[in-house]
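Step one of this worksheet: look at the structure below.
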Amino acid sequence: MCRTLAAFPTTCLERAKEFKTRLGIFLHKSELGSGTGSVGKFEWGSKHSKEGRNFSEDVLGWKESFDLLLSSKNGVAAFHAFLKTEFSEENLEFWLACEEFKKIRSATKLASRAHRIFEEFICSEAPKEVNIDHETRELTRTNLQAATATCFDVAQGKTRTLMEKDSYPRFLKSPAYRDLAAQASAASASLSGSSLPEPSHT
C-alpha cells in the first residue's frame with residue numbers, strides 16, 4: 001500500500017490510472033486493490049443488454065445521492081478505489097465494518113467484534129484510524145463496556161457525513177468517474193436504441 005507520494009509516486013499514479021482504465025471496461029470482470037474482499041470486486045454488465053443497461057443505470061445513479069452510491073456494490077468498489085488514491089479508504093472501510101457489525105446476532109461475537117473494530121479504526125494510533133473528534137471516540141469507548149449493535153452509530157454517522165461532504169463530491173468530479181458516467185450514458189442510449197422495435201413496412 002502506498003502511503004506517501006514522495007515515497008511511491010509511480011506506484012500511486014499507476015494505481016489511479018489503473019482505476020480509471022478498469023472502470024471503463026464494461027464487458028470484463030475486474031478487481032481493484034488487493035485483499036479488500038468484497039469491496040474490491042466489480043460486477044460488470046455482461047453481453048446481455050438487460051444487464052448492460054442495469055449497470056449503466058447503476059453508474060449514473062451514483063451521482064444522484066450518496067445513499068445510492070453506498071447501496072451499490074459497484075459503487076462501493078469504485079468509491080473505495082478512489083479513496084485509495086486519496087489515502088482515506090479507512091473511512092469507507094470503517095463504515096462497511098459497522099454495517100456488517102450490526103448484522104451480528106450473537107452477544108459474544110458482538111462484543112469480540114466491537115473491540116476489534118475499535119482497535120482497528122477508533123483508538124488513538126489505530127492502524128486505520130478514522131478522523132473523529134475526541135468526544136465521539138470516548139463515547140464509543142464507553143459504549144464498548146456493554147456492546148450492542150448500536151455502539152458505533154455516532155462514530156459511523158460522523159464518518160459517513162465526512163465522506164458525503166468531502167470525498168463524495170471529489171469522486172463525482174474525478175476524471176475517472178466522469179469518463180465512466182459518459183460511457184454509461186452512451187451505452188444506455190445505445191442499448192435503448194437497439195431495443196426499439198423494427199418499423200413495419202405495410
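Just so you know, residue 1 is the first one in the sequence shown, and it goes up from there. On a predicted model such as this, the values are computed, not experimentally measured, just so you know.
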Q.
Under 3.5 Å, is there a donor on one side chain and an acceptor on the other for Thr136 and Asp133?
A. yes
(Q) Can you give me the closest heavy-atom contact between Met163 and Trp95, atom names plus distance? (A) CE-CB, 4.0 Å
Q | Ser174 side-chain N/O to Phe171 backbone N/O, donor-acceptor pair under 3.5 Å | A | yes
Q. Between Asp153 and Lys158, is a salt bridge (Lys or Arg N to Asp or Glu O under 4.0 Å) present by the stated rule, with each step listed?
A. CA-CA 9 Å; Asp153 280 5; Lys158 294 202 172 186; over 6 Å; no
Q.
Taking Ile122's backbone N and O only, do any of them form a donor-acceptor pair with Arg137's side chain (distance below 3.5 Å, no angle check)?
A. yes
Q) How close do Thr148 and Phe101 get, heavy atom to heavy atom, and via which atoms? A) O-CE2, 3.3 Å
Q. Looking at Glu90 and Lys128, what are the two nearest heavy atoms and their distance?
A. CB-O, 3.4 Å
Q: Answer yes or no: is there a donor N or O on one side and an acceptor on the other, between the side chain of Tyr177 and the main chain of Ala78, under 3.5 Å?
A: no
Q) With sequence neighbours left out, what residues match Glu86 under side chain to side chain contact (heavy atoms under 4.5 Å, CB included)? A) Phe82, Ser88, Ser167, Arg170
Q: State whether a side-chain donor-acceptor pair under 3.5 Å links Asp58 with Ser72.
A: yes
Q. Which atom names give the shortest non-hydrogen contact between Glu120 and Ala126, and what distance separates them?
A. O-CB, 3.4 Å
Q) Within the side chain of Glu164, is there an N or O that forms a donor-acceptor pair under 3.5 Å with the backbone of Arg160? A) no
